[in-house]
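Following: one structure in structure tokens, then a few remarks.
We number each residue from 1, following the sequence as shown.
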Amino acid sequence: MNEKLKNLIKTEDKKNPYTDEQLAEILDLRRDAITVLRGELNIPDSRERRKPYLTQEIKKILSENGNISNRQLTKIIQDRGFDVSRFLVSQTRDEIERDAVETAPKENGRAQHSDDAKQKINRNFQNMSKCPEELTAFRSIVGFDGSLKPQIQQAKAAILYPPRGLHTLILGATGVGKSNLAEAMYDYAIEVGVLPDKAPFVIFNCADYAENPQLLLSQLFGHAKGSYTGAAEAKEGLVEKADGGILFLDEVHRLPPEGQELLYYLMDKGKFRRMGETEAERTANVLIIAATTEDIESALLLTFRRRIPMTIELPPLSGRPLDERYSILRNFFNEEANRIGVKVKVTQEALRALLLYDCPGNIGQLRSDVQVACARSFLTYVGGQKDYIEVDLTDLPAHVRRGLLKIENRKPEAENFLKGDLLAIPGQMDIKVGPKENLYALPREIYQYIEERFQELEKQGLKQDVINRVIGGELEIKFQQLIRQVETSHQTLAKQDLVGIVGQNVVEMAEKVTRIAERRLGKTDDQLFYCLAIHLSATLERIELGKPIVNPRLDRIKSEYKLEYSIAGEMVRHIEALSGYKLPPDEIGFIAMYLRTITKPVDIKKGRVGVVVLSHGRVAQGMADVANRLLGVNHAVGIEMSLDEKPESALQRTIEAVKKVDEGKGVLLLVDMGSLITFDEIITKKTGIPTKTVGRVDTVMVLEAVRRAILPDSQLDEIVEIIDKDKIGLGRFIPSDMATKYKRAIITLCITGEGTAVKIKRLIERILPGIEDKVEIIPVGIVGDEDISKKIERLKSEYDVAAIVGSINPQDDFIPFIPVEEIVNGNAVGKLKNIIGNVLPQESPINDPIVKLPLASAIHEELIEIEPDYKTKNEALDGLAKLLIKGGYAKEGFLLDVYKREIMGPTLIEGKYAIPHGNPENVIKPAIAIAILKEPVEWLEGNAVDLVFMLAINEESKDIILNLYKLFQNPKFAPSLLVSHSSREIKNIILELLF
């Protein structure tokens, strides 16, 4: 199956690669199986496979016409054979242009945006496309084509940018690999010809001289004779040594402000002076790569930061995929094997701990811990008889061993890499006992296992019959494990792989004796062939070496596995004839065990989807009983809610039932109506068990659901989709007898008082005409003497509360909450319909400008800062612009526009709101960045502000401005913002006051 998948990928249309759904249909597999198989083969998804071709095509078009519209660009791309949407094209274009603009060189602290700069950017695209893929500079970095791919692309762009590359700042915690990336960038510059072969690469750690700033600057820039005490001779600095190459400054935050200023001048003008020189200026063509672990906003001068156009942030080890951590570990052990000159074997338990423990020192600490473990195990090696070093759990540092406590959190993922011990051999790369070899590891070790286990139990004083019984039972388990392992993994093997491991003769022998077994037992799975082939190889090898073959379970096999032993005897006679070796009866016993395991496998319980039936009145249990009796199972569980029972009481009983029936694959809730249909989301949140609901249940539906749920390969989502697509989420109505007891209600809840809650009520009535006939909408304000929780409890005693809509979540586990912004943007329409019943008109005036409120779409929590440490107007401008640019709302040139606009005249309104803004052409999508300042800053001489709204708006944002101006005129607006404590609270206040 692997080869089929690889061939399909190899021959697919690169412009329109196969999706997982298409591959599943072609190969007649489930979609999730394709996804897993693709992951094992390290094949990206269809979008990632198409991306380089689409990106390359768009770059070509942009290099010819950088001003082309997205509509025209999409048409050209589609004409060239790509089946893509305009959204994907525009998204890809944004990424390309954002990367190019971010790498644009700066003059006087401002990015170039002239036609000349655009031409350079286009040439940069062309240069990158011409770089051969076989370049190796970054391949030594684990994750270069994985989690670090964006950072590697940035690094390449920084080196390639004409004419001499871009100065770069590498950010990241201690030990994440900043130095390695800097060195790889240097190697890449050599490979692509940006730097000559012998160009210097000078490394300087600013922390080494941080306590002596004078000496630090002397090391960096050199000094004149007599410039300070002890400067007996003139000396050149590292800047001069790095002329024509790269200067890497580690821990650059330890550079004093005057040093940052000198570097700023060097990067800006290419000139510097040695310490003590006052007249002569020196020149140096140096590309600066700096690294820091600190927050650059507080650790580096703004003038210095502005001269470094490229910033690359490396993630911590905890943020990297586990497969990359495994590769890093593998490399470290290979390095140690090379350094010591001895093979290093790392046990599975040691690997598990190294994969899972918290490693705050990141890759650097991981390397140190590996070295400590190798050093400890080397002591054992010196005094032992093995020809290799074995790193076991006991050799690891204590803090690493404690990592085993994390197994439950990440066990499924970690176990993907723990299919065998890790073996590192001097002079070789990866010698992991991988899927292919690991699959065959157990049979080769069966005899050795028996010998070692026998000696171990004998030392404990056990008698031989007891030892045989113990080892025999363990062998049964090991055989079952082997068969299951082969069953799940043999698809990845080809016969030629087997030939390479055991030889052609053994493969042919295994094929012939497998046919004997099939003649007597019927068709067997391929795993019998795979197991027999490698087992026979180990058996014949052992006979050649004169080693005994002992099966401690032989007597029991003869008496209990009579048929299998008889067939195994016939197979062994053929093996003897084909091989020329005489096999003992013990070997017949081993083959009989394989046959027994294949024909009567251990009963491994496979999880099933649970089924719980819920109803008002005495209905659910009856439907569940009927389905169980007809299908001969006891699978479905019924829960009946009396007409005067509170929903929370029924919910608690349902939670207990879900916990009991869950077998690891989730639980299907089949409900009749009312509040029961909202239980799934609450249950999943409280228990972590996946649950899905289907409404309007009847006996036929329960019967079909149970029939499908008891199948071993069933999946919760598949059952929900199959049994009744149209009924999911429906049936939310209340019968007349329930309505007389508990009338349905929706609570509207607001921070600023009941008046705003009333406005939200009217808005709901407007977007869902007729809702007031179905439910009562009750406005509630948070301000007041009564605790809000008590208010809600009181209302729950009088009403069947279907939902709470508001600006703050009261955290009631039994009532769904809908944020007010979903009312504003129309997303709540569907939710409310589902909650109260799909009996309202399908169309609602959600496009009404009063309802839509354009400003709501421009307010985002990540763009709101509360009490940032801005002490000047310029710091506020820089900080807010960075938020907009980083969030993808504005281009890099936006900040320059803002400064230009401020020079024309301060952007101040109502005397207390600052509204800096840039030109529309540098706006990607409308948004507003907001700062509630800790202390007022002077915006205009004699006029300070503490509320700043940076507007990234375009020509179509007129309504956003009108909405915002309306807020500025509201006397409650400023006081409400100034006492807010969170960005969410500020967003809610804005939305509330807009009504």
Side-chain angles (χ1 to χ4, degrees), residues 608-663 666-687 689-710 716 719-720 723-724 727-745 796-802 812-816 834-837:
R608 303 169 297 178
V609 175
V611 177
V612 175
V613 187
L614 298 97
S615 70
H616 293 84
R618 299 183 179 278
V619 180
Q621 190 60 56
M623 290 190 287
D625 288 344
V626 169
N628 286 337
R629 282 201 304 271
L630 288 176
L631 295 172
V633 296
N634 187 24
H635 192 69
V637 173
I639 294 181
E640 297 169 344
M641 176 181 174
S642 62
L643 298 182
D644 58 353
E645 184 179 2
K646 291 290 187 64
E648 44 265 47
S649 171
L651 173 61
Q652 193 56 47
R653 291 196 290 128
T654 306
I655 289 174
E656 296 304 319
V658 166
K659 288 179 180 178
K660 288 181 181 178
V661 304
D662 177 53
E663 296 180 9
V667 177
L668 175 63
L669 304 180
L670 303 175
V671 310
D672 58 353
M673 58 189 175
S675 57
L676 299 179
I677 207 159
T678 65
F679 279 9
D680 55 355
E681 185 176 344
I682 300 170
I683 292 173
T684 298
K685 181 179 178 182
K686 292 178 78 70
T687 65
I689 299 171
T691 55
K692 291 292 180 71
T693 298
V694 177
R696 297 181 181 175
V697 62
D698 56 29
T699 304
V700 175
M701 182 191 292
V702 177
L703 185 63
E704 178 65 6
V706 174
R707 185 183 72 80
R708 292 185 176 277
I710 60 178
L716 177 59
I719 297 175
V720 170
I723 62 173
D724 196 338
K727 292 182 181 178
I728 301 172
L730 304 182
R732 299 188 181 193
F733 60 89
I734 206 79
S736 57
D737 55 350
M738 282 290 291
T740 57
K741 179 67 179 177
Y742 287 113
K743 185 173 181 179
R744 307 213 73 195
K796 284 164 64 176
S797 67
E798 302 171 9
Y799 297 90
D800 178 12
V801 179
D812 190 300
D813 290 336
F814 304 102
I815 305 176
N834 279 339
I835 289 171
I836 63 175

Are [X] and [Y] side-chain neighbours, meaning at least one heavy-atom pair lies under 4.5 Å?
| X | Y | answer |
| --- | --- | --- |
| Leu669 | Val658 | yes |
| Val611 | Val661 | no |
| Lys659 | Glu656 | yes |
| Ile683 | Leu651 | yes |
| Leu668 | Leu716 | yes |

### Message
For the backbone of Val667 and the side chain of Thr691, can you confirm whether one donor and one acceptor N or O come within less than 3.5 Å of each other?
### Response
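A pair under 3.5 Å: no.
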### Task
Determine yes or no for a side-chain-to-main-chain donor-acceptor pair under 3.5 angstrom, with Glu640 supplying the side chain and Gln621 the backbone.
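Yes; judged by distance alone, with no hydrogens or angles, the pair exists.
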### Point-to-point distance, once rounded to the nearest 0.5 Å, from CD1 of Ile655 to OG1 of Thr684
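If I round to the nearest 0.5 Å, the distance is 10.0 Å.
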[X] versus [Y], closest heavy-atom pair with distance:
| X | Y | value |
| --- | --- | --- |
| Ser615 | Ala620 | OG-N, 2.9 Å |
| Ala624 | Gly638 | CB-N, 4.0 Å |
| Met623 | Val613 | CE-CG1, 3.9 Å |
| Ala709 | Ile719 | CA-CD1, 3.7 Å |

